[in-house]
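Just so it is clear, the structure is predicted and the values come from calculations on it, not from any experiment.
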Amino acid sequence: MKIGIIGTGSIGGTLAKICVEIGHDVNVSNSRGVEGVQSFADEIGAIAVDIYGAVHNADLIILSVPLPAISTLPKNLFEKVPQNVSIIDTSNYYPGLRDPRIPEIDSGQVESLWVSGKLGRPIIKAFNNILAYSLAHLGRAEGALDRLGVAVAGDDVSSKKLVMGLVNEVGFEPVDAGSLAESWRQQPSTPAYCCDWNAAEMKEALLIARKDEAPLKRDTLPEHFGKLGSNPSHSEVIELNRSLNSVD
């Protein structure tokens with residue numbers, strides 16, 4: 001499969017590396033242009049392109065940029081991309097911590113519906129509720145008892161099937177999280193968010209999520225993570241997330 005990836009940060013870069021390793025043809029791009037992504041592409045065995053090259057003739061597109069940056073993408077970026085090409089959105093909204101405020105989301109719009117509206121395209125929400133460390137190091141073969149679950153939300157059945165297949169390929173158990181409108185259940189500070197759950201635990205976490213609680217908890221993250229120091233371990237982050245994201 002030919003996969004185009006826009007964004008080579010912690011999640012996008014990790015996915016690019018894994019997808020190359022499992023045999024996909026991967027084009028990578030970021031905001032710095034071809035020269036800015038060339039060394040990374042050479043290191044992992046991908047092809048460096050600009051953002052238009054990432055979407056050209058792709059079978060699957062992974063959009064892995066900070067959520068506010070989505071509104072700055074060229075309006076014609078997906079103009080020539082067939083409607084049946086699946087687009088994965090991995091972004092999350094962190095106002096005050098990293099991102100400027102977005103009034104529509106602050107007023108209750110689901111993050112991925114906002115993204116879909118900005119792109120003018122249907123999307124699949126995936127790989128947003130797993131830490132980069134987990135993605136890079138905790139993938140397991142299908143059937144492994146310690147396999148972690150990754151939530152996948154979206155409206156198009158065939159696109160969701162394709163993305164769930166990729167989740168399985170990269171070493172995680174795909175968990176159907178419902179429609180895109182329901183993808184708030186895997187947004188930051190919900191019980192399903194970055195807690196390293198197995199598939200059964202992930203399904204339960206999605207079910208018990210409370211939409212009104214998550215933004216309030218999310219906005220306290222700087223205070224809580226500040227107590228962990230400048231370089232917390234992965235296990236410390238998971239422990240903190242599990243304690244904070246649980247339902248009160």
Side-chain angles (χ1 to χ4, degrees), residues 1-93 99 102 104-105 109-128 152-167 169-170 174 179-181 183:
M1 185 161 57
K2 184 176 180 181
I3 300 176
I5 300 180
I6 300 175
T8 54
S10 57
I11 296 296
T14 301
L15 281 171
K17 183 176 185 294
I18 296 172
C19 286
V20 169
E21 290 173 349
I22 60 179
H24 293 292
D25 296 324
V26 178
N27 287 355
V28 292
S29 66
N30 61 28
S31 60
R32 298 188 299 277
V34 177
E35 290 185 359
V37 77
Q38 188 67 62
S39 62
F40 173 72
D42 291 343
E43 178 186 338
I44 68 169
I47 299 173
V49 295
D50 62 14
I51 58 174
Y52 289 97
V55 305
H56 180 65
N57 286 338
D59 300 309
L60 174 69
I61 297 166
I62 300 175
L63 189 57
S64 192
V65 300
L67 188 141
I70 288 168
S71 63
T72 69
L73 292 172
K75 300 299 182 185
N76 65 346
L77 180 59
F78 297 101
E79 192 174 78
K80 297 181 179 180
V81 177
Q83 288 293 322
N84 65 343
V85 174
S86 303
I87 302 172
I88 298 175
D89 166 37
T90 76
S91 67
N92 291 300
Y93 180 46
D99 303 329
I102 298 174
E104 299 94 326
I105 297 177
Q109 185 175 23
V110 176
E111 293 172 17
S112 283
L113 291 179
W114 182 89
V115 172
S116 182
K118 289 297 180 184
L119 298 182
R121 297 289 295 254
I123 60 171
I124 301 294
K125 188 74 168 184
F127 297 113
N128 77 297
V152 180
D155 300 324
D156 184 86
V157 175
S158 60
S159 286
K160 185 185 283 188
K161 182 178 180 180
L162 178 70
V163 174
M164 292 179 78
L166 181 65
V167 170
E169 278 190 87
V170 302
S179 69
L180 201 62
S183 65

Distance from [X] atom [atom1] to [Y] atom [atom2], nearest 0.5 Å?
X    : Y    : atom1 : atom2 : value
I62  : I11  : CD1   : CD1   : 10.5 Å
S116 : Q109 : OG    : CD    : 9.5 Å
I3   : C19  : CD1   : SG    : 4.0 Å
H56  : N27  : NE2   : CG    : 9.5 Å

Nearest heavy-atom pair of [X] and [Y]: which atoms, and what distance?
X    : Y    : answer
R121 : F78  : NH1-O, 3.1 Å
V26  : I5   : CG1-CD1, 3.9 Å
V28  : A16  : CG1-CB, 3.7 Å
A153 : K160 : C-CE, 4.2 Å

side-chain contact (heavy atoms from CB on, under 4.5 Å) with I124: which of V163, L166, L180?
->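 Filter result, single survivor: V163.
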Excluding sequence neighbours, so at least two apart, what forms side-chain hydrogen bond (donor to acceptor under 3.5 Å, both in side chains) with [X]?
X    : result
N128 : N92, Q186
S183 : none
E21  : K17

Beyond-backbone contact of [X] with [Y], side-chain heavy atoms, under 4.5 angstrom:
X    : Y    : answer
V65  : I70  : yes
P122 : D156 : no
M1   : D25  : no
I105 : V110 : no
F127 : V167 : yes
W114 : L67  : yes
I6   : N30  : no

Just grab all the salt bridge (charged side-chain N to carboxylate O under 4.0 Å, His left out) pairs involving residues 60-75, residues at least two apart or on different chains.
->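 Residue pairs with at least one partner in residues 60-75: there are none.
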Validation: residues 84-91 side-chain donor-acceptor distances under 3.5 Å, sequence neighbours left out:
unit_1: S86; atom_1: OG; unit_2: S159; atom_2: OG; d: 2.8
unit_1: D89; atom_1: OD1; unit_2: S91; atom_2: N; d: 2.9
unit_1: D89; atom_1: OD1; unit_2: S91; atom_2: OG; d: 2.7
unit_1: D89; atom_1: OD2; unit_2: S91; atom_2: OG; d: 3.4
unit_1: D89; atom_1: OD2; unit_2: S112; atom_2: OG; d: 3.3
unit_1: D89; atom_1: OD2; unit_2: K125; atom_2: NZ; d: 3.1
unit_1: T90; atom_1: OG1; unit_2: S64; atom_2: OG; d: 2.8

Under the side-chain contact (heavy atoms from CB on, under 4.5 Å) rule, what do I51 and L77 come out as? Steps first, then yes or no, please.
-> CA-CA 8 Å; I51 58 174; L77 180 59; 4.0 Å; yes
Kindly list each side-chain donor-acceptor pair under 3.5 angstrom involving residues 34-46, sequence neighbours excluded, with atom names and distances?
unit_1: Q38; atom_1: NE2; unit_2: D42; atom_2: OD1; d: 3.0

Output yes when a side-chain donor or acceptor of Y93 lies under 3.5 Å from a complementary backbone atom of I102, and no otherwise.
->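 Yes; judged by distance alone, with no hydrogens or angles, the pair exists.
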Looking only at side chains, do D50 and S29 share a donor and an acceptor under 3.5 Å apart?
->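 Distance-only check fails for D50 and S29.
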